[in-house]
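This structure is a prediction, so every number in the text was calculated from the model and none was measured. Side-chain atoms are counted along with the backbone in the values below, which use heavy atoms only and exclude waters and symmetry mates.
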Amino acid sequence: MKNVVILGSTGSIGTQSLEVIEEKSGFSVLALSFNSNAELAEKQIRKFNPKYAAVPNEARAKDLRVRISDTKTEVLSGEGCLEKIASLPEADIVITGIVGIAGLLPTLAAVKAGKRIGLANKETLVTAGDIVTETAKKTGAEII
């Protein structure tokens, strides 16, 4: 079973990734992150039962904690929460579907941790391509 982390689970890349996971065996959702669509995030958490959900905004995280208080999912929040789930030791694959420059630090955290990364964020390579690719060579991370 491959453990998957999806950064930006409520966006188009995230929702499509979850559709694939649902259709294919051999994958489980370890962690999800979202920014503003708490309703969809709640549905995803209830369906896929991730160990973690990450929400950078504290107020949105508090709302999500209330929404999913009857589940076992731990809600992480604040600065660094995306980097934390992107580099979880038990994560096998990290899908980075976060829009814009906000995807750089979590992607770099996954690269430093030597993860297999499904990169759907061009800004990461546009702004720091040399750093990301050199770090991947050193750590054995695979960028797809």
Does Phe34 share a hydrophobic cluster with Leu32, counting links as ILVMFWY side-chain heavy atoms below 4.5 Å and allowing steps through other members? yes
With rounding to the nearest 0.5 angstrom, report the OG1 to CD distance, Thr139 to Glu134. 11.0 Å
Under 3.5 Å: donor-acceptor pair, side chain of Gln44, backbone of Ser9: yes
Without hydrogens or angle criteria, can the side chains of Thr96 and Asn121 be said to hold a donor-acceptor pair below 3.5 Å? no
Ile45 and Thr73 have their tightest heavy-atom pair at CG2-OG1, 3.4 Å
Could Lys62 and Glu58 be called an ion pair, given the rule that one side-chain N must be under 4.0 Å from one carboxylate O? no
Distance (rounded to the nearest 0.5 Å) between Arg67 CZ and Lys43 NZ: 10.0 Å
Step-by-step side-chain contact (heavy atoms from CB on, under 4.5 Å) determination, Val4 to Leu30: CA-CA 5 Å; Val4 181; Leu30 174 63; over 6 Å; no
We want to know whether Ser77 and Arg60 form a side-chain donor-acceptor pair, criterion being a heavy-atom distance below 3.5 angstrom. no
Quick one, Ile85 with Val94, criterion side-chain contact (heavy atoms from CB on, under 4.5 Å). Give me CA distance, side-chain angles, the key distance, then yes/no. CA-CA 9 Å; Ile85 66 168; Val94 178; over 6 Å; no
Step by step, work out the side-chain contact (heavy atoms from CB on, under 4.5 Å) result for Asn49 and Val29. CA-CA 7 Å; Asn49 301 305; Val29 177; over 6 Å; no
side-chain contact (heavy atoms from CB on, under 4.5 Å) assessment of Lys51 paired with Glu90: CA-CA 11 Å; Lys51 186 173 182 179; Glu90 62 267 46; 3.6 Å; yes
Might you point out which heavy atoms bring Ser28 and Asn3 nearest each other, and give the distance in Å? OG-OD1, 2.7 Å
Verify the neighbour count for atom CD1 of Ile101: are there more than 12 heavy atoms of other residues, nucleotides or ligands below 6.0 Å? yes
Can Leu105 be reached from Val111 by stepping across I, L, V, M, F, W or Y side chains whose heavy atoms are under 4.5 Å apart? no
Would you kindly confirm whether Ile95 and Leu18 end up in one hydrophobic cluster when ILVMFWY residues are joined by side chain heavy atoms under 4.5 Å apart? yes
Can you see which heavy atom on Gly14 is nearest to which on Ile6, and at what distance? CA-CG2, 3.8 Å
With hydrophobic residues grouped by side-chain heavy-atom distances under 4.5 Å, do Leu40 and Ile13 end up in a single group? no
What closest approach, in Å, do Gly103 and Thr107 show between heavy atoms, and which atom pair accounts for it? O-OG1, 2.7 Å
Please check: side-chain N/O of Lys115 versus main-chain N/O of Leu88, any donor-acceptor pairing under 3.5 Å? yes
Sub-4.5 Å side-chain heavy-atom contact between Ser33 and Val55: no
Phe27 side chain reached by Ile93 side chain, heavy atoms, under 4.5 Å: yes
Has Glu39 got more than 12 heavy atoms of other residues, nucleotides or ligands less than 6.0 Å from its CD? no
Taking the side chain as every heavy atom from C-beta outward, state whether Ile144 and Ile117 have any atom pair closer than 4.5 Å. no
Would a 4.5 Å heavy-atom cut-off, applied to side chains only, mark Leu108 and Ile131 as touching? yes
Of all heavy-atom pairs between Leu82 and Pro106, which one has the smallest distance, and what is that distance? CB-CG, 3.7 Å
So Lys2 and Arg116, do their side chains get closer than 4.5 Å, heavy atoms only? no
Looking only at heavy atoms, which two atoms of Asp130 and Thr133 are closest? And how far apart? O-OG1, 3.3 Å
Check whether Ile98 and Ile21 end up in the same hydrophobic cluster, where Ile, Leu, Val, Met, Phe, Trp and Tyr are linked by side-chain heavy atoms less than 4.5 Å apart. no
I want to check something: taking the side chain as every heavy atom from C-beta on, are Leu104 and Glu123 in contact at a cut-off of under 4.5 Å? no
Between atom CD of Glu83 and atom OG of Ser87, what is the distance when rounded to the nearest 0.5 Å? 8.0 Å
